[in-house]
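Below is one structure, written out as structure tokens, with a few remarks after it.
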Amino acid sequence: MTIGGDGPADRVIAILRGSRGERLDAVCDTLLGAGLRYLEVTTNTPGWFGAVRRLAGTGAEVGVGTVRTPAQVDEAARAGARFVVAPGTNALVGARAAELGLAWYPGALSPTEIEHAASLGATAVKVFPARSLGGADYLREVRAPLDDIPLVPTGGVRIDEVAGYLAVGAVAVGLGGQLMGDALSSADPDLGALARRAEQALAAAS
Ligand SMILES: O=C(O)C(=O)C[C@H](O)[C@H](O)COP(=O)(O)O
């Protein structure tokens with residue numbers, strides 16, 4: 001699979017970040033069952049390593065988020081991740097990801113930061129935080145002169161905004177809290193509702 005590829009599942013990265021890890025496997029299975037393929041489990045989610053390891057090699061594109069040090073890249077690789085995501089652009093993280101053959105999605109905000117991340121070898125640049133910065137309008141303007149750099153707006157993205165970001169040229173979007181709801185903060189999350197939100201996100205990316 002390639003980010004920004006042909007199908008809607010190539011255009012949505014589900015971000016799993018939560019305070020509770022006991023339902024992590026069930027949440028991952030629910031998202032995959034709904035048709036999502038890109039799952040990012042953040043390093044500040046309890047149980048992330050085991051969840052990534054379980055999914056590695058199943059055909060899911062499983063990655064690790066909030067990877068801020070080369071040591072965390074090593075851990076992600078040990079778990080079997082295929083990509084790492086970060087809130088910012090750390091050249092050491094990018095270099096380690098390249099050494100280990102992992103895709104790297106660093107966070108960047110301004111045109112200068114986006115160019116810098118691309119020059120360091122980003123697979124795609126996560127434009128973060130996308131929503132509070134100006135949403136799809138900001139993405140359209142920043143992309144006009146940078147249209148050779150794949151951009152993945154992330155941060156506060158709502159399901160009903162997915163189509164708008166893709167329409168102005170995002171190759172994919174990162175969807176965290178708006179997709180996950182209470183899935184990783186409640187002991188008894190509504191997995192049916194989670195599946196419906198995942199299906200809505202895929203429909204919006206079609
Ligand atoms: O930490 C990382 O590397 C990430 O990619 C996670 C994202 O920064 C946010 O967690 C976005 O999530 P929402 O704002 O909830 O949609």
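Just follow the structure's listing: the first ligand is 1, and inside any ligand the first atom is 1. Predicted, not measured: the structure shown is a model, and the values here were computed from it.
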(Q) Restricting to salt bridge (Lys or Arg N to Asp or Glu O under 4.0 Å), what partner residues turn up for D190, sequence neighbours left out? (A) none
**Q.** Under 4.0 Å from ligand 1 - residues by heavy atom, chain and number
**A.** I15, R17, E40, G65, T66, V85, A86, P87, K126, F128, T154, G155, G156, G176, G177
(Q) Going by the rule salt bridge (Lys or Arg N to Asp or Glu O under 4.0 Å), which residues pair with E115 if we only count those two or more places apart in sequence or in a different chain? (A) none
Q.
Whether E99 and R96 form a salt bridge (side-chain N of Lys/Arg under 4.0 Å from carboxylate O of Asp/Glu) is what I want to check.
A. yes
Q: For residues L32 and R37, determine if any side-chain heavy atom of one lies less than 4.5 Å from a side-chain heavy atom of the other.
A: yes
Q. Between E61 and R82, is there a salt bridge with N-O shorter than 4.0 Å?
A. yes
**Q.** Of all pairs that satisfy side chain to side chain donor-acceptor pair (under 3.5 Å), the ones with a partner from residues 12-34, not counting sequence neighbours
**A.** R17-N44, R17-T66, R20-E22, D25-R54, D29-R54
